[in-house]
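Down below is the structure, laid out as structure tokens.
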Amino acid sequence: QVQLVESGGGLVQPGGSLRLSCAASGFTLDDYAIAWFRQAPGKEREGVSCINNSGRTSYYTDSVEGRFTMARDNAKNTVYLQMNNVKPEDTAVYYCGKPPEEKGPYKPYCPRSLLPGDFGSWGQGTQVTVSS
């Protein structure tokens, strides 16, 4: 059974740091790009970042560029999101997702636009709250 489990969220002060984890099971992580999305109350789910299957290439939305960093350890079946210098507007539930099987040969790669429809197998999410 394909499963992604997010963890590591919590309450953090503005300017602080947090590291989120996405634990994968039920599939070969090496074969897939993984993306992080977030959803704030009353807002649509938005793409935050994506890392290709090898970990050599990652992409970030403009609002987190230079502050967030993705990494992956395929041997541990885990993908990470290091969040530095967080801001109140980063408050949201964070989800990790993988491309569906229909993406075929594009599964290892990040699409240019991070759209929720291009990913799936969402976990329950992890809440990040940035507040003083």
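Computed from a predicted model, the values in this text were never measured in an experiment.
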How long is the gap from CZ on Arg38 to CD on Glu46, to the nearest 0.5 Å?
4.5 Å
Suppose the criterion is disulfide (SG to SG under 2.5 Å): which pairs have a residue in residues 65-101, not counting sequence neighbours?
Cys22-Cys96
Does any non-hydrogen side-chain atom of Arg67 lie less than 4.5 Å from one of Asp90?
yes
Heavy-atom check, side chain of Tyr95 versus side chain of Pro116, under 4.5 Å
no
Sidechain-backbone polar pair: Glu6 side chain, Gln124 backbone, donor-acceptor under 3.5 Å
yes
Decide yes or no for Asn52 and Pro108: does some side-chain heavy atom of the first lie under 4.5 Å from some side-chain heavy atom of the second?
no
CD1 of Ile34 to OH of Tyr80, rounded to nearest 0.5 Å, is 13.0 Å
Side chain proximity check, Thr91 to Gln127, heavy atoms < 4.5 angstrom:
yes
Counting distance only, does the side-chain N/O of Asn74 pair as donor-acceptor with the main-chain N or O of Asn53 below 3.5 Å?
yes
Euclidean distance, Phe68 CZ relative to Asn85 CG, rounded to 0.5 Å
9.0 Å
Side chains of Lys107 and Asp31: closer than 4.5 Å at any heavy-atom pair?
no
Can you establish whether the number of heavy atoms outside Tyr109 located under 6.0 Å from its atom OH is more than 12?
no
Ignoring hydrogens and geometry beyond distance, is a side-chain donor-acceptor pair present between Glu65 and Tyr59 at under 3.5 Å?
no
Does Val79 reach the side chain of Trp36, with side-chain heavy atoms less than 4.5 Å apart?
yes
